[in-house]
Each structure stands twice: as C-alpha cells, then as structure tokens.
Amino acid sequence: MRNGELPKHVGVVLDGNRRFARKMGLANVGAGHRAGADKGEELIEWCDQLGIPVVTVWVLSVDNFRRAPEELTEIFTIVEEKVAALGAALEKTSKRRIRAVGRIELLPESTQQAIAKVEAESAANEPYELIIAVGYGGREEITDAVRRMIADHVRNGDSLEGIANGLEPDEIGRYMYAPDVPDPDLVIRTSGEVRLSGFLLWQTAYSEYYFCDVFWPEFRKIDFLRALRSYAQRQRRRGA
C-alpha cells in the first residue's frame, strides 16, 4: 500500500455471526453476535490506527426483523451495550462522531434511547465518523428519501408534475439518511457471500467491493489489510 491510496470511507457488511456460532459449537447464535460485536470494536481501532475517517457498519437489516424474537432481543441488547461502550471509548481516543442510520423507529424504545444518547454525546466529536446501519435497508432508504423529498415539495406548493420535471439524482441524494457523509470508497463483505443485499444501494454506485470468505467474528487485521491493499491496487475510473 506504500504507493496506493487508503479509502476515506469504508463500509462493512458484518456477515456470518450465526454460522460462526454453529461452526464453533457455541451455546446459541447470540454468542456469535457478541463475538461479532467485539470484532466490530477491533475494526474501529484498526481504522483509527490507519487514519480512515469514515466507517459504516451494517449490524441489522430490515429483513432481519423476520428472525426469532429471542435472537432479535439478544441483538438489541448487544447494540445497546456496544453503542454505550463505543461512545465511552471513542471519547478518549479517536473522537469519532457516532450516528445510526435506518428505520430507527422499528427498534425497541430502550435501543432507540441508547442510540440517541450516544449520538448526542458524540455530536461534537471530530474529525472522524462511525455510522451504524441498524434496521437498515437500501431500498427502504431510497423510498424514505423520495417520500421526504415529495413531502417537502408539496408543502412548498409544488405540483406533482413540477416535481417530476425537476427531479435529479442530486436532489434525491440530499434526502438520504446521512447526506453529508461521502460515499464509500470501499465496501467489504465477509462470510463468502458475493452480493450487497441492499447495503447503501444509492451510495455504492462507484464503490470498490471486496469479498472475504471468513465469517465476521474470524476477520483479522491481516484480512482488513488485504482488502485495503486490493483497493490501493485498483484504478477508479468512474466512467472516464
């Protein structure tokens, strides 16, 4: 990577917690999610060490709400514990601002409160950011963005025909969950799945992808460095 460029924004699909739990013979899938959450903290430390400004981690999708209630309860508890721990740790180290994106209203009230607390406490942190995608879906984000955009135009007295005639991608982009955050340069997905599954559909139009076979809790720093090396060796033409 000596002659390559590091990404300024890395998105990570933290996949494979449940399969890791089964592989290791753990008591339940919740133990796999806890191992994955611990690995997430390591990831932030690696990004701090390398000076990567923005990290987005996908911890829970909208589709995941179809899982068993007991598993979801465990995930919500882990999210509450980890955002609190991350907030305390980041205050002393990298000064990352923490934000959650997704349909937060779908989460239990206690989880919403834990997220709101750490968002408020870290709001002035800089220069780095940690974006936590929870209750998130790419199609849902685009739908919500278009809905908010149309509602704003209607409140301003614009006709639907006028809205349609003036519609441009940049305007829709302004209504995304975190419109001020630069698009990801690199997206990493673990567990051997070679798809995005809706992760940041709008923002990843020009992102580079890296797929890794290991389950997320087994993801090592050397795996992360290999992903960064792969990114550094690519030429990003963006249509040119």
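In this text, all values refer to a predicted model and were calculated from it rather than measured experimentally.
Ring pair Tyr136/Trp58 is perpendicular by interplanar angle, where above 60° counts as perpendicular and below 30° as parallel.
In the displayed structure, Glu161 atom CD is contacted under 6.0 Å by at most 12 heavy atoms of other residues, nucleotides or ligands.
Side chain of Asp152 to main chain of Met149: no donor-acceptor pair is present (N/O by atom type, distance under 3.5 Å, no hydrogens or angles). A donor-acceptor contact shorter than 3.5 Å links the side chain of Asn28 to the backbone of Gly30. Using a distance-only test at 3.5 Å, with no hydrogens or angles considered, no donor-acceptor pair links the side chain of Ser122 to the main chain of Asn125. One N or O on the side chain of Lys39 and one on the backbone of Phe219 form a donor-acceptor pair closer than 3.5 Å. Judged purely by atom type and a 3.5 angstrom limit, Thr143 uses its side chain to pair as donor or acceptor with the backbone of Arg139. A donor-acceptor contact shorter than 3.5 Å links the side chain of Arg148 to the backbone of Tyr175. Between the side chain of Asp185 and the backbone N or O of Lys8, at least one donor-acceptor pair lies under 3.5 Å. Side chain of Ser207 to backbone of Pro184: a donor-acceptor contact under 3.5 angstrom is found. In this structure, Arg189 contributes its side chain and Arg195 its backbone to a donor-acceptor pair below 3.5 Å. Of the possible donor and acceptor atoms, one in the side chain of Thr73 sits under 3.5 Å from a partner among the backbone N and O of Pro69.
Under the 4.5 Å side-chain heavy-atom criterion for Ile, Leu, Val, Met, Phe, Trp and Tyr, Tyr210 and Trp216 are members of the same hydrophobic cluster. Residues Leu196 and Val57 are members of separate hydrophobic clusters, defined by side-chain heavy-atom contacts under 4.5 angstrom among Ile, Leu, Val, Met, Phe, Trp and Tyr. Residues Ile131 and Leu106 are members of separate hydrophobic clusters, defined by side-chain heavy-atom contacts under 4.5 angstrom among Ile, Leu, Val, Met, Phe, Trp and Tyr. Residue Val118 is grouped with residue Val59 when hydrophobic side chains (ILVMFWY) are merged at heavy-atom distances under 4.5 angstrom, including chains of intermediate members. Grouping the Ile, Leu, Val, Met, Phe, Trp and Tyr side chains by contacts below 4.5 angstrom, directly or via other members, places Leu160 with Leu167.
When every heavy atom of Phe215 is checked against every heavy atom of Lys23, the shortest pair comes out as CE1-CD, 3.9 Å. Minimum heavy-atom separation, Pro179 to Gly173: CB-O, 3.6 Å. In this structure, Pro182 and His9 approach most closely via the heavy-atom pair O-ND1, 2.6 Å. Scanning both residues, Ala85 and Glu41, for their nearest heavy atoms gives CB-OE2, 4.2 Å. Between Phe65 and Gly135, the closest heavy-atom pair is CE1-CA, 3.7 Å. The minimum heavy-atom distance between Val29 and Ala21, with the atom names listed, is CA-CB, 4.0 Å.
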Salt bridge (charged side-chain N to carboxylate O under 4.0 Å, His left out) between Arg19 and Glu193, worked out: CA-CA 12 Å; Arg19 280 170 285 171; Glu193 303 292 350; 3.2 Å; yes

Criterion side-chain hydrogen bond (donor to acceptor under 3.5 Å, both in side chains) on Lys221 and Gln49, from CA distance to verdict: CA-CA 11 Å; Lys221 188 174 184 180; Gln49 293 165 6; 2.7 Å; yes

Candidate pair Thr190 and Leu14, rule side-chain contact (heavy atoms from CB on, under 4.5 Å), full reasoning: CA-CA 6 Å; Thr190 56; Leu14 317 179; 5.6 Å; no

Verdict with supporting geometry, Tyr209 and Thr204, side-chain contact (heavy atoms from CB on, under 4.5 Å): CA-CA 9 Å; Tyr209 304 144; Thr204 56; 3.8 Å; yes

Verdict with reasoning, Glu141 to Gln203, per side-chain hydrogen bond (donor to acceptor under 3.5 Å, both in side chains): CA-CA 11 Å; Glu141 179 179 17; Gln203 299 88 339; 3.1 Å; yes

Step-by-step side-chain contact (heavy atoms from CB on, under 4.5 Å) determination, Ile132 to Val83: CA-CA 9 Å; Ile132 301 173; Val83 295; 3.8 Å; yes

Test side-chain contact (heavy atoms from CB on, under 4.5 Å) applied to Lys95 and Glu126, step by step: CA-CA 5 Å; Lys95 295 290 185 180; Glu126 56 182 19; 5.8 Å; no

Steps toward salt bridge (charged side-chain N to carboxylate O under 4.0 Å, His left out) verdict (Glu208, Arg234): CA-CA 8 Å; Glu208 299 292 329; Arg234 303 179 192 183; 3.1 Å; yes

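Between the NE2 atom in His33 and the CD1 atom in Ile75 there is a gap of 4.0 Å [rounded to 0.5 Å]. Here the CZ-SG distance, from Arg96 to Cys47, works out to 5.5 Å after rounding to the nearest 0.5 Å. Going from atom CD1 of Ile98 over to atom CD of Glu119 covers 9.0 Å, rounded to the nearest 0.5 Å. Note that CH2 of Trp46 is 10.5 Å distant from CG of Leu50, once rounded to the nearest 0.5 Å. To the nearest 0.5 Å, atoms CD1 (Ile115) and OG (Ser110) are separated by 9.5 Å. The CD1 atom of Ile78 sits 11.0 Å away from the OG1 atom of Thr111 when rounded to the nearest 0.5 Å.
At least one side-chain heavy atom of Ile188 sits less than 4.5 Å from a side-chain heavy atom of Val10. Between Leu130 and Arg99 the shortest side-chain heavy-atom distance does not fall below 4.5 Å. Contact of the Ile142 side chain with the Met176 side chain is registered, since non-hydrogen atoms from C-beta on lie closer than 4.5 Å. Within the 4.5 Å cutoff, side-chain heavy atoms of Val55 are placed close to those of Leu43. You'll find the side chain of Ile163 reaches within 4.5 Å of the side chain of Val154, heavy atoms only. Taking the side chain as every heavy atom from C-beta outward, Phe20 and Glu218 approach each other to under 4.5 Å. A heavy-atom distance below 4.5 Å is found between the side chains of Asp144 and Arg103. Using a 4.5 Å heavy-atom cutoff, the side chains of Leu107 and Val134 are in contact.
Of the options Asp213, Asp15, Asn17, a side-chain hydrogen bond (donor to acceptor under 3.5 Å, both in side chains) to Ser191 is made by Asp15 and by none of the others.
A salt bridge links Arg18 with Glu71; the closest basic N to acidic carboxylate O contact falls under 4.0 Å. Looking at Glu81 and Arg34, a side-chain N of the basic residue comes within less than 4.0 Å of a carboxylate O on the acidic one, giving a salt bridge.
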